[in-house]
Chemist: 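One structure follows; several queries about it will come next.
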There are 2 protein chains.
Amino acid sequence: MASEPRAASAPKDRTTFREVMAEIRHRITEGSWGPGTLLPAEVALAREFGCTRTTINRALREISDLGILDRRRKAGTRVRLAPRREARFEMPIVRAEIEKAGATYSYTRLSHDILTAPDWLCERLRLPDDAQVVHLICLHRANGAPFQLEDRWINLAALPEAGAEAFVLVGPNEWLVATVPYSEVEISFQAEAADALAAAHLGHPSGAPVFVAERTTWWKGAPITHVRLCYRPGHRMTTHY
Amino acid sequence: MASEPRAASAPKDRTTFREVMAEIRHRITEGSWGPGTLLPAEVALAREFGCTRTTINRALREISDLGILDRRRKAGTRVRLAPRREARFEMPIVRAEIEKAGATYSYTRLSHDILTAPDWLCERLRLPDDAQVVHLICLHRANGAPFQLEDRWINLAALPEAGAEAFVLVGPNEWLVATVPYSEVEISFQAEAADALAAAHLGHPSGAPVFVAERTTWWKGAPITHVRLCYRPGHRMTTHY
DNA sequence: AAGGATATTATGTCTACACATAAGGAGAAG
DNA sequence: CTTCTCCTTATGTGTAGACATAATATCCTT
């Protein structure tokens with residue numbers, strides 16, 4: 001039940017930083033403040049919007065974080081000449097990605113070995129020559145159809161617990177996320193020709209173009225894991241803003 | 001070492017939100033606040049750090065923006081179970097990308113037509129059937145070697161000035177950035193087999209895997225341009241954080 | 001026990017003010 | 001004319017306090 005003591009008391013008309021943001025972004029996209037325009041100083045805007053400079057500051061800071069404004073002390077705030085052109089992709093856990101699309105997720109561990117790291121991996125992760133690693137190959141399916149082939153390497157020296165885990169029920173992806181906290185990451189995307197393994201499991205001809213994401217992860221400076229994710233044919237990585 | 005009585009000048013003993021951020025992030029990465037941990041409330045942290053709740057709030061908000069913390073009213077702040085996994089790629093203008101790598105940039109316009117938009121483009125940009133568009137094919141080179149093939153479509157109804165431009169000296173990319181302010185964008189990455197055109201200009205065999213970025217842009221709700229960028233063989237899109 | 005109103009509480013945000021800091025610009029010195 | 005100060009100015013950030021809001025927890029009712 002809505003109690004009505006506010007009727008007489010607080011009209012609640014304060015301008016919020018969101019309103020300021022919206023209005024300023026509007027002025028920019030509408031063209032009245034084109035690229036390069038110097039905006040009024042914060043105090044002036046505060047007067048115009050009828051709020052404090054703090055609120056204006058918050059609004060401008062957030063717009064600036066979006067890459068639309070360029071702010072410098074003394075020089076003032078101006079609309080960026082060239083917007084910061086960046087693409088931002090959410091890379092959720094495969095399971096979440098598949099389930100979000102309304103499909104049923106299933107997982108299969110195809111192989112599991114503990115061995116000495118191959119040379120290319122040592123180089124990539126800056127590991128000693130005799131480093132022991134877990135090597136896994138797993139397939140993630142959406143509604144039974146192959147979705148992603150995961151080729152995962154885990155550094156046992158950094159994460160000895162990984163040696164005791166079989167990764168039969170829980171994929172290494174989810175196991176790692178739950179085990180290792182936040183870490184340093186390097187991600188790269190590329191197009192490659194499908195090798196025999198990918199072709200066999202993802203169901204395209206060998207040599208067909210596959211979208212590949214590679215991710216290397218460190219924790220406290222120590223290399224943890226390197227993974228190569230091959231997507232099924234036709235996969236698109238999309239973002240909108 | 002306790003609070004050292006500072007000299008008479010006031011060289012700032014105040015705890016900044018950056019210090020708070022650093023310390024909290026440290027506690028998270030160090031493991032003392034593992035995934036799922038509920039952080040002390042802002043007032044408690046303010047007491048601990050010897051600053052106001054405002055400062056703590058700012059720090060926590062920024063960490064939260066990074067996708068590391070999860071904040072809810074009344075429920076409190078907790079370390080996210082699964083970090084928001086996002087990949088952020090800078091997509092500078094090709095010229096900048098090439099010059100940043102220390103190479104010499106050169107540009108060639110391969111073709112230029114004004115025609116009625118093909119069906120697939122009408123669908124993609126939600127254009128009327130008889131929409132007139134500019135169609136360009138351009139090649140961007142780094143040190144003379146093919147780097148990127150640009151296949152660009154511009155909606156003349158939304159941007160009539162484009163009809164008067166020849167795009168011989170300035171690429172459509174740069175021209176557009178200087179002409180159209182901020183806009184809505186959709187970007188997607190994918191792996192494709194090189195068609196005859198891409199193969200011919202980028203110098204790989206037809207059918208080889210190419211990394212393709214597509215970008216569609218709107219301004220004030222109206223479709224402006226659609227571009228398809230095919231990268232030279234071996235191109236990797238990389239990011240680190 | 002189930003359901004619904006209400007109290008409690010942690011975060012969200014605004015105001016008002018103060019001082020810090022970077023950097024443009026004017027004026028002085030060479 | 002050039003270069004170096006120093007002043008001015010716009011943004012950056014901290015303090016203190018108040019009210020707003022969402023969501024959980026509790027208590028009351030049926």
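In what follows, chains carry the letters A, B, and so on, assigned in the order in which the sequence lines appear, proteins first and then strands, with residues in each chain numbered from 1.
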Chemist: Can you tell me how far C1' of C/dA20 sits from CZ of B/Arg14, to the nearest Å?
Modeler: 9 Å
Chemist: Within the pair A/Arg72 and C/dT21, is there a side-chain N or O less than 4.0 Å away from OP1 or OP2?
Modeler: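 Answer no for this pair, as no side-chain N or O of A/Arg72 is under 4.0 Å from OP1 or OP2.
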Chemist: Looking at DNA chain C, which of residues 32-47 of chain A put a heavy atom within less than 4.0 Å of it?
Modeler: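 DNA chain C contact set from residues 32-47 of chain A: none.
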Chemist: Hunt down any stem DNA chain C takes part in, defined as 3 or more consecutive Watson-Crick or G-U pairs whose two distances are each under 3.5 Å.
Modeler: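 Only these stems qualify: C:1-30 with D:1-30.
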Chemist: Measure CZ/B/Arg78 against P/D/dA23 and give the value in whole Å, please.
Modeler: 15 Å
Chemist: Please round to the nearest 0.5 Å and tell me the distance separating atom CZ of A/Arg58 and atom CD of A/Glu62.
Modeler: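 It is 4.5 Å, given to the nearest 0.5 Å.
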Chemist: How long is the line joining CZ of A/Arg18 and P of C/dC14, in whole Å?
Modeler: 8 Å
Chemist: Regarding A/Glu90 and A/Lys100, does a basic nitrogen lie under 4.0 Å from an acidic carboxylate oxygen?
Modeler: no
Chemist: Parallel, tilted or perpendicular: which fits the ring planes of A/Phe211 and A/Phe189, with parallel below 30° and perpendicular above 60°?
Modeler: tilted
Chemist: For B/Arg236, look at atom CZ and say whether over 12 heavy atoms of other residues, nucleotides or ligands are found less than 6.0 Å away.
Modeler: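 Above 12, so yes.
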Chemist: Rounded to the nearest 0.5 Å, what separation is found between the CD1 atom of A/Ile154 and the CG atom of A/Leu125?
Modeler: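 Between A/Ile154 CD1 and A/Leu125 CG, I get 11.5 Å after rounding to 0.5 Å.
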Chemist: When you look at CZ of B/Arg25, are more than 12 heavy atoms from neighbouring residues, nucleotides or ligands closer to it than 6.0 Å?
Modeler: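 No.
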Chemist: Look up atom CG in A/Asp151 and atom CD in A/Glu214, then write down how far apart they are to the nearest 0.5 Å.
Modeler: 9.0 Å
Chemist: Under 3.5 Å, which donor-acceptor pairs do the side chains of residues 32-46 of chain B form with other protein atoms, sequence neighbours left out?
Modeler:
unit_1	atom_1	unit_2	atom_2	d
B/Ser32	OG	B/Arg27	O	3.1
B/Thr37	OG1	B/Gly34	N	3.1
B/Thr37	OG1	B/Gly34	O	2.6
B/Glu42	OE1	B/Arg53	NH1	2.5
B/Glu42	OE2	B/Asn57	ND2	2.9
B/Glu42	OE2	B/Arg71	NH1	3.4
B/Glu42	OE2	B/Arg71	NH2	2.5

Chemist: Sequence neighbours left out, what passes side chain to side chain donor-acceptor pair (under 3.5 Å) with B/His235? Give chain and number order.
Modeler: none
Chemist: Could you check whether any side-chain N or O of A/Arg109 sits under 3.5 Å from a backbone N or O of A/Ala166, counting only pairs where one atom can act as donor and the other as acceptor?
Modeler: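 Judged by distance alone, yes, a pair lies under 3.5 Å.
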Chemist: Using OP1 and OP2 only, check whether a side-chain N or O of B/Thr77 sits under 4.0 Å from C/dT11.
Modeler: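 For B/Thr77, the contact criterion (side-chain N or O under 4.0 Å from OP1 or OP2 of C/dT11) is met.
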Chemist: Output one line per pair: protein atom, nucleotide atom from nucleotides 3-8 of chain D, and distance, for all N/O pairs under 3.5 Å.
Modeler:
none

Chemist: Return the CG to CD distance between A/Leu176 and A/Glu161, rounded to the nearest 0.5 Å.
Modeler: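 Reported value, rounded in 0.5 Å steps: 10.0 Å.
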Chemist: Under a 4.0 Å heavy-atom cut-off, which of residues 51-71 of chain B touch DNA chain C?
Modeler: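 Listed by number, they are B/Arg53, B/Asn57, B/Arg71.
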Chemist: How many Å lie between CZ on A/Arg73 and P on C/dT21, as a whole number?
Modeler: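 Taking atom P of C/dT21 as the reference, CZ of A/Arg73 is at 8 Å.
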Chemist: Shortest non-hydrogen contact from A/Thr216 to A/Arg124?
Modeler: OG1-NE, 4.4 Å
Chemist: Evaluate the ring planes of A/Tyr107 and A/His140, with Trp represented by its six-membered ring, and classify them as parallel (under 30°), tilted (30 to 60°) or perpendicular (over 60°).
Modeler: tilted
